[in-house]
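All figures in this text were calculated on a predicted structure; none of them were measured in a lab.
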Amino acid sequence: MILRHTFSPPNNTRLGHLCGATDEHLRTIENSLGVKIAHRHEQFKVDGPKAKATRAMEVLQALYEMAGRPIAPYTLQLMLSGDAPLVTGSGDGPVLATRRTDLRPRTPNQAAYLDNIAANDITVGIGPAGTGKTYLAVASAVDALERSAVQRIVLTRPAVEAGERLGFLPGDMAQKVDPYLRPLYDALYDLMGFDKVQKAFERQQLEIAPLAFMRGRTLNGAFVILDEAQNTTPEQMKMFLTRLGFGAKAVVTGDVSQIDLPKDQLSGLVDAERVLKRVQGIAFTHFTSADVVRHPLVARIVDAYDAQPRRVS
């Protein structure tokens with residue numbers, strides 16, 4: 001099937017941003033969807049199977065609408081990921097107050113996840129890598145801080161991968177655990193900007209710490225996120241969830257297919273889903289490979305591993 005479209009009114013700047021340097025965006029769409037794209041000025045032609053050609057044209061239209069400035073490759077990859085309907089800047093879903101003006105849920109599960117975070121004091125997101133569990137949780141926390149719905153953000157992860165090897169890493173304790181917390185820093189920098197993050201740390205509006213540092217605390221007026229929760233023990237999970245104070249909200253994220261605990265140790269995330277699934281005020285969101293919003297190949301990798309029989313040690 002061949003589809004044709006003329007972008008009107010023609011705008012050479014937008015067309016340049018739409019196509020990308022040396023038409024790299026067009027090549028990405030072709031490779032992802034299995035279509036051929038030809039264009040002359042503002043006139044575009046897409047040749048391929050009907051469904052794929054239609055989706056390619058939808059992506060081109062969405063790119064043109066956001067092409068007032070250069071379009072990052074990862075933005076295009078987000079739009080092409082999965083089989084979910086394309087969501088552009090005017091789509092459904094909550095608008096979060098972050099510096100990423102293009103931030104929207106890209107799949108129905110992501111939209112449900114954001115709705116659950118908004119409506120519940122504790123939300124648990126479970127699913128494979130690349131589904132936006134942590135990123136959207138941090139975005140919701142930044143939004144809550146910007147709206148003064150909370151006074152601070154507390155982000156934590158277990159450093160279980162280090163185990164007894166932690167003492168062999170160079171530096172003091174902060175330097176030893178920093179690599180395990182780096183993904184949280186990266187999300188904050190992307191959503192707030194480096195300078196704003198540094199100022200928030202200085203004002204004690206932001207805190208990032210290993211899970212062990214949460215013991216004995218009560219977190220009032222805070223948005224608390226526990227990442228990599230599949231690597232907690234049931235005791236650690238209970239300890240974390242009972243830190244919640246007045247005016248606080250918590251999000252727990254994890255991937256139960258990537259548990260790094262000893263083989264005989266039950267995951268706190270698996271245990272929490274069993275124990276808490278009927279507790280009012282706690283919502284669970286489950287993600288699948290269709291929700292992966294990284295490189296399109298990541299979803300296929302997840303499916304390939306899921307299709308393998310479980311190994312018995």
So Tyr64 and Glu42, side-chain hydrogen bond (donor to acceptor under 3.5 Å, both in side chains) or not? Walk me through it. CA-CA 10 Å; Tyr64 190 74; Glu42 67 273 16; over 6 Å; no
Trace of the side chain to side chain contact (heavy atoms under 4.5 Å, CB included) decision for Lys45 with Ile37: CA-CA 6 Å; Lys45 180 178 73 172; Ile37 302 175; over 6 Å; no
Might you work through the side chain to side chain contact (heavy atoms under 4.5 Å, CB included) test for Gln205 and Gln151, ending with a clear yes or no? CA-CA 6 Å; Gln205 292 178 311; Gln151 283 71 57; over 6 Å; no
Between Thr107 and Asp291, is a side-chain hydrogen bond (donor to acceptor under 3.5 Å, both in side chains) present by the stated rule, with each step listed? CA-CA 6 Å; Thr107 71; Asp291 300 301; 2.7 Å; yes
Please walk me through it: do Thr285 and Gln110 pass side chain to side chain contact (heavy atoms under 4.5 Å, CB included)? CA-CA 9 Å; Thr285 305; Gln110 288 190 350; over 6 Å; no
Taking it one step at a time, do Lys199 and Glu202 satisfy salt bridge (charged side-chain N to carboxylate O under 4.0 Å, His left out)? CA-CA 5 Å; Lys199 290 178 181 177; Glu202 292 171 4; over 6 Å; no
Would you sort out whether Arg215 and Phe213 count as a side chain to side chain contact (heavy atoms under 4.5 Å, CB included), showing the intermediate values? CA-CA 6 Å; Arg215 190 173 298 278; Phe213 290 16; over 6 Å; no
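Met1 and Ala53 get closest at one heavy-atom pair: O-CB, 4.3 Å. Of all heavy-atom pairs spanning Gln258 and Ala129, the tightest one is NE2-CB, 4.3 Å. When all heavy atoms of Ile71 and His17 are compared, the closest pair comes out as CD1-O, 3.8 Å. Annotation for Ala139 and Leu96: closest pair CB-CD1, 3.7 Å, computed over non-hydrogen atoms. Contact between Asn120 and Gly281 at its shortest, heavy atoms only, is CB-O, 3.5 Å. The minimum heavy-atom distance linking Gly68 with Arg14 is given by the pair N-NH1, 3.6 Å.
In this structure, CD1 in Ile208 is found 8.0 Å from CZ in Arg182, a value given to the nearest 0.5 Å. Here the OG1 atom belonging to Thr156 is positioned 12.0 Å from the CZ atom belonging to Arg243, to the nearest 0.5 angstrom. Atom OG1 of Thr233 sits about 9.5 Å away from atom CG of Asp271, to the nearest 0.5 Å. Atoms CG and CD1, from Leu184 and Ile225 in turn, are 7.5 Å apart once rounded to the nearest 0.5 Å. Rounding to the nearest 0.5 Å places CG of Asp190 at 8.0 Å from OG1 of Thr98. Remark: Met57 CE to Leu3 CG distance equals 5.0 Å, nearest 0.5 Å.
Salt bridge status for Lys196 with Glu146: present, with a side-chain N to carboxylate O gap under 4.0 Å. Ion pairing of Arg147 with Asp143 is present here, as a side-chain N (NZ or NE/NH1/NH2) and a carboxylate O approach within less than 4.0 Å. No salt bridge links Glu235 with Lys238; every basic N to acidic carboxylate O contact stays at or beyond 4.0 Å. With salt bridges taken as basic N to acidic carboxylate O contacts below 4.0 Å, one links Arg217 and Glu207.
When hydrophobic clusters are built by joining Ile, Leu, Val, Met, Phe, Trp and Tyr residues whose side-chain heavy atoms come closer than 4.5 Å, directly or via intermediates, Phe194 is grouped together with Ile153. Clustering ILVMFWY residues whenever any of their side-chain heavy atoms sit less than 4.5 angstrom apart, transitively, puts Ile2 in a cluster other than the one holding Val35.
A donor-acceptor pair is defined here as one N or O able to donate and one able to accept, closer than 3.5 Å; no such pair exists between the side chain of Thr253 and the backbone of Gly125. The backbone N or O of Ile259 sits nowhere less than 3.5 Å from a side-chain atom of Asn231 that would complete a donor-acceptor pair. Here the side chain of Lys249 pairs a donor or acceptor atom with the backbone of Ile117 at under 3.5 angstrom. The backbone N or O of Lys50 lies less than 3.5 Å from a partner atom in the side chain of Thr54, making a donor-acceptor pair. Using a distance-only test at 3.5 Å, with no hydrogens or angles considered, no donor-acceptor pair links the side chain of Ser32 to the main chain of Ile29.
Put simply, the side chain of Asp227 does not reach to within 4.5 Å of the side chain of Leu155, judged on heavy atoms. Looking at heavy atoms from C-beta onward, Gln230 lies out of side-chain contact with Ser257 at the 4.5 angstrom threshold. Looking only at side-chain heavy atoms (C-beta outward), Val154 and Phe223 stay at 4.5 Å or farther from each other. Taking the side chain as every heavy atom from C-beta outward, Leu63 and Leu76 approach each other to under 4.5 Å. Two residues are said to be in side-chain contact when any heavy atoms from C-beta on lie closer than 4.5 Å; Leu136 and Pro105 fail this criterion. A heavy-atom distance below 4.5 Å is found between the side chains of Glu30 and Lys36. Looking at heavy atoms from C-beta onward, Val124 lies in side-chain contact with Leu269 at the 4.5 angstrom threshold. At a threshold of 4.5 Å between non-hydrogen side-chain atoms, the residues Val251 and Leu226 do not count as touching.
Ring orientation note: the planes of Phe287 and Tyr113 are nearly perpendicular, at an angle over 60° on the 30°/60° scale. The aromatic rings of Phe201 and Tyr185 sit tilted relative to each other, their planes meeting at an angle between 30° and 60°. Aromatic ring orientation, Phe7 versus His5: perpendicular (interplanar angle above 60°, classes split at 30° and 60°).
A side-chain contact (heavy atoms from CB on, under 4.5 Å) with Glu273 is found for one member of Val256, Ile126, Val252 and no other, namely Ile126.
Counting heavy atoms of neighbouring residues, nucleotides and ligands inside a 6.0 Å radius, atom OH of Tyr305 does not exceed 12 of them.
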